[in-house]
Amino acid sequence: MFGLGKLFYVIVLTINGIAVLSEDRFLNRIGWGSTTTSSSANANLQNQFNQFNTGLESSEGSIKTKLINLISAVRTLLRIPLIAINILIILYEIVLG
C-alpha cells in the first residue's frame, strides 16, 4: 500500500536528486547554471516591477529562472538537513527494516 511513509521517501529521494545535481557537469551544459541567471534575473526583476498588479507571469524565462533559483536554494539550504534525514532513514531501515 501507498502510505505517508512511502510519500516521505519519495519526497526525500526527489530532494536528494536535486541536491546532487552537479552545476559544472550538468546544469551549465543545459543552460540552468546559477551563472546564467544573473542577467536574466535582473530582467526578471524588472518584469516583476512592471507586472506588479497581475501577480502571474506567463513567460518561459521567468519559470526557468524560478526553477534555477529553486535548484540552487535546495543545493545550498538543504545540504546539512538532508545529511541528517538520510542518516535517520538509513538507521530506521537497518533497525526496523
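Quick caveat, the model's predicted, so the values are computed rather than measured.
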Check your understanding: Of the non-hydrogen atoms in Leu82 and Ala19, which two are nearest, and what is the gap between them?
Key ->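 Of all heavy-atom pairs spanning Leu82 and Ala19, the closest is CD1-CB, 3.7 Å.
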For [X], which residues count as a side chain to side chain contact (heavy atoms under 4.5 Å, CB included) partner, sequence neighbours excluded?
X	result
Val20	none
Ile11	Leu7, Ile15
Ile85	Phe8, Val12, Ile89

Just list the side-chain donor-acceptor pairs under 3.5 Å for residues 90-97, sequence neighbours left out, or say none.
from, atom 1, to, atom 2, distance (Å)
Glu93, OE2, Tyr9, OH, 2.4

Review point. Do Leu77 and Leu67 share a hydrophobic cluster, counting only Ile, Leu, Val, Met, Phe, Trp and Tyr and linking them when any side-chain heavy atoms are less than 4.5 Å apart?
Key: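 No, no single cluster joins them.
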**Study point:** Summary of side chain to side chain donor-acceptor pair (under 3.5 Å) pairs that have at least one residue in residues 70-84, sequence neighbours excluded
**Key:**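 Checked against side chain to side chain donor-acceptor pair (under 3.5 Å) - neighbours excluded - the pairs reaching residues 70-84 are Glu23-Arg75.
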Practice item. Please write out which residues are connected to Leu13 in a hydrophobic cluster, directly or through intermediates, given that two of Ile, Leu, Val, Met, Phe, Trp, Tyr count as joined at side-chain heavy-atom separations below 4.5 angstrom. Key: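 None, because no other hydrophobic side chain comes under 4.5 Å of this residue.
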Point to revise | Rounded distance [0.5 Å steps], CG in Leu70 versus CD1 in Ile18 | key: 6.0 Å
Practice item. Sequence neighbours left out, what pairs pass salt bridge (charged side-chain N to carboxylate O under 4.0 Å, His left out) with at least one residue falling in residues 7-21? Key: none
